[in-house]
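Read the structure below first, then the notes.
All of these numbers come straight from a predicted model, not from anything done at the bench.
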Amino acid sequence: QVQLVESGGGSVQAGGSLRLSCAASGYTGSGDCMGWFRQAPGKEREGVARIFTSGGDTVTLYADSVKGRFTISLDNAKNTLYLQMNSLKPEDTAMYFCAIQSPRYDCPRVNDMNYRGQGTQVTVSS
């Protein structure tokens, strides 16, 4: 059974930083297709960042809204996905979820991955 457990959310002032973690277990394969999405009340789900391997290389993709501020990384030894969030803005306020595609035949958009966690709340005040 795939389990994804997020942690690291909280409240921070604009300009601050947070680091989200997602402990993954029970997945099939190498777990090399994962990502983060977020959802704020009244807004559509937004894919934030995705990480996967392709031809032996690690590929990271970001939404334009977070590019240059957020960094996604994966520690395979710890089966843990991270999202380092810097220069946070009030519009980053949302519930953040990690997701994984398991098993992986391709690596879809984060919103289309077949497992997700319960989420962790991030609140940024101005």
> Between Cys33 and Arg104, what is the shortest heavy-atom contact and its length?
Replying inline: CB-CD, 3.7 Å
>> To the closest 0.5 Å, what do you measure between CZ (Phe97) and CZ (Arg45)?
In response: 7.0 Å
> Under 4.0 Å between a Lys/Arg side-chain N and an Asp/Glu carboxylate O for Lys67 and Asp64?
Replying inline: yes
> When rounded to the nearest 0.5 angstrom, what distance separates CD in Gln118 from CD in Glu6?
Replying inline: 7.5 Å
>> Could you check whether atom CD of Glu91 has more than 12 heavy atoms from other residues, nucleotides or ligands sitting under 6.0 Å from it?
In response: yes
> From Leu74 CG over to Thr53 OG1, what is the distance, rounded to the nearest 0.5 angstrom?
Replying inline: 9.5 Å
>> Can you give me the closest heavy-atom contact between Leu4 and Tyr115, atom names plus distance?
In response: CD1-O, 3.7 Å
> Do you know which two heavy atoms are closest between Gln121 and Ala94, and how far apart they sit?
Replying inline: NE2-O, 3.4 Å
> Is the NZ or CZ atom of Arg38 both under 6.0 Å from the centre of the six-membered ring of Tyr96 and within 45° of that ring's axis?
Replying inline: no
> Rounded to the nearest 0.5 Å, how far does CD of Gln84 lie from CZ of Arg19?
Replying inline: 6.5 Å
>> Under a 3.5 Å distance rule, please check whether Gln101 uses its side chain to pair with a backbone N or O of Asn114 as donor and acceptor.
In response: yes
> Which value, rounded to the nearest 0.5 Å, describes the distance between Thr120 atom OG1 and Trp36 atom CH2?
Replying inline: 7.5 Å
> Transitively linked via ILVMFWY side-chain contacts under 4.5 Å: Ile100 with Tyr62?
Replying inline: yes
>> Less than 3.5 Å apart, any donor N or O on the side chain of Asp75 or Thr80 sitting next to an acceptor on the other?
In response: no
